[in-house]
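The figures here come from the full heavy-atom set of this structure, side chains too, leaving out hydrogens, waters and symmetry mates.
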Amino acid sequence: MKALIYKDLFVLKQKSQLASLFLNLVMMVPIGFFFQNLYGLALIVILSYPIGGSAFIQVVMEKEERTNFDKTIISLPVTKSEIILARYITSFIFFGIHMLFGLLYTFIHIYVIQSVSLELGLLLWGIGILIGTIMISINSVGYILLGSRKGTFVYIIILVLSIIGYAVTFLGFDIKQILTLSSSVLMMIACIVTILGLILSYFASLKIFTRKYS
């Protein structure tokens, strides 16, 4: 399984992917700084980085399908569960890079811009982690079921719905009041639901992959 993880990380190390990753991380910052407030922080750590950081599986599967490696991989001395698990691990590595930058950006908003408190800033960042994890769960099932091209439509639909959700929140509600209502209890429930969703996603992905290549 380590070889599969290294293979996926090698895709990330390619110059084109590193450049794309760098642009994805850096170009979001000026957009966020345009809104030097709570919503500017939320735009980055709840919307941009979680959604962008959850899409790595599409890059890997697209390259595998181009070289027919998606069919060769099942002949390697690894189990199907290890193949799926490796994809989840590399997805979270890519996502983790985004959220580390998101944490740095959160601290800038807390201590430099001073748009939010430490508690609220970390709460937003934590929500971003949960959203990204949910996105990885959905993307993994979607891409394994539909392939890299058709699976992209699922990603686009979720992206559009996320943008609409952010816009509705930005225009229609006082998000500060929503976030401060029993935040610890809500986060605990959200964490449990997200973890259960991730587990279900893994087993669903494994079942789909097994049927597809049995």
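Between Leu103 and Leu122, the closest side-chain pair of non-hydrogen atoms falls below 4.5 Å. Residues Phe107 and Val112 fail the side-chain proximity criterion, which asks for heavy atoms closer than 4.5 Å. Side-chain atoms of Ile84 and Ile144, non-hydrogen and from C-beta on, do get closer than 4.5 Å to each other. Here the side chains of Leu124 and Thr106 are not in contact, with every heavy-atom distance at 4.5 Å or above. Residues Ser81 and Tyr202 are in side-chain contact: their nearest non-hydrogen atoms beyond the backbone lie under 4.5 Å apart.
Ring-plane geometry between Phe56 and Phe94 is classed as parallel, the angle between the planes falling under 30 degrees on a 0 to 90 degree scale with a further cut at 60.
Pairing each heavy atom of Met99 with each of Trp125, the nearest pair is O-NE1, 2.8 Å. Heavy-atom minimum distance, Ala86 versus Ile5: CB-CG1, 3.9 Å. Taking both residues in full, the closest heavy atoms of Gly126 and Met187 are given as C-CE, 4.0 Å, listed atom of the first, atom of the second, then distance.
The cluster map of Ile, Leu, Val, Met, Phe, Trp and Tyr, joined by side-chain heavy atoms under 4.5 Å apart, puts Tyr143 and Leu200 in different clusters. Placement of Val141 and Ile199 within a single hydrophobic cluster is found when ILVMFWY residues are connected by side-chain heavy-atom separations under 4.5 Å, directly or transitively. At a threshold of 4.5 Å between side-chain heavy atoms, the hydrophobic network of Ile, Leu, Val, Met, Phe, Trp and Tyr places Ile89 and Phe203 in one connected group. Taken together through direct or relayed side-chain contacts under 4.5 Å among Ile, Leu, Val, Met, Phe, Trp and Tyr, Leu85 and Ile195 form part of one hydrophobic cluster. The hydrophobic cluster containing Leu100 does not contain Tyr111, counting ILVMFWY residues as joined when their side-chain heavy atoms lie under 4.5 angstrom apart, directly or transitively.
Side chain of Tyr88 to backbone of Leu198: no donor-acceptor contact under 3.5 angstrom is found. Here the side chain of Asn139 pairs no donor or acceptor atom with the backbone of Ile57 at under 3.5 angstrom.
Residue Leu43 is tested with Leu47, Val45, Leu41, Ile46 for a side chain to side chain contact (heavy atoms under 4.5 Å, CB included); the sole match is Leu47.
One distance of note links NE2 of His98 with CD1 of Ile51; it measures 11.0 Å at 0.5 Å rounding. To the nearest 0.5 angstrom, Cys191 atom SG is 11.0 Å from Leu196 atom CG.
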Less than 3.5 Å apart, which donor and acceptor atoms pair up between the side chains of residues 128-138 and the rest of the protein, not counting sequence neighbours?
{"from": "Thr133", "atom 1": "OG1", "to": "Ile129", "atom 2": "O", "distance (Å)": "2.8"}
{"from": "Ser137", "atom 1": "OG", "to": "Thr133", "atom 2": "O", "distance (Å)": "3.0"}

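For Lys212, the NZ atom is densely surrounded, since the number of other residues' heavy atoms within 6.0 Å is greater than 12.
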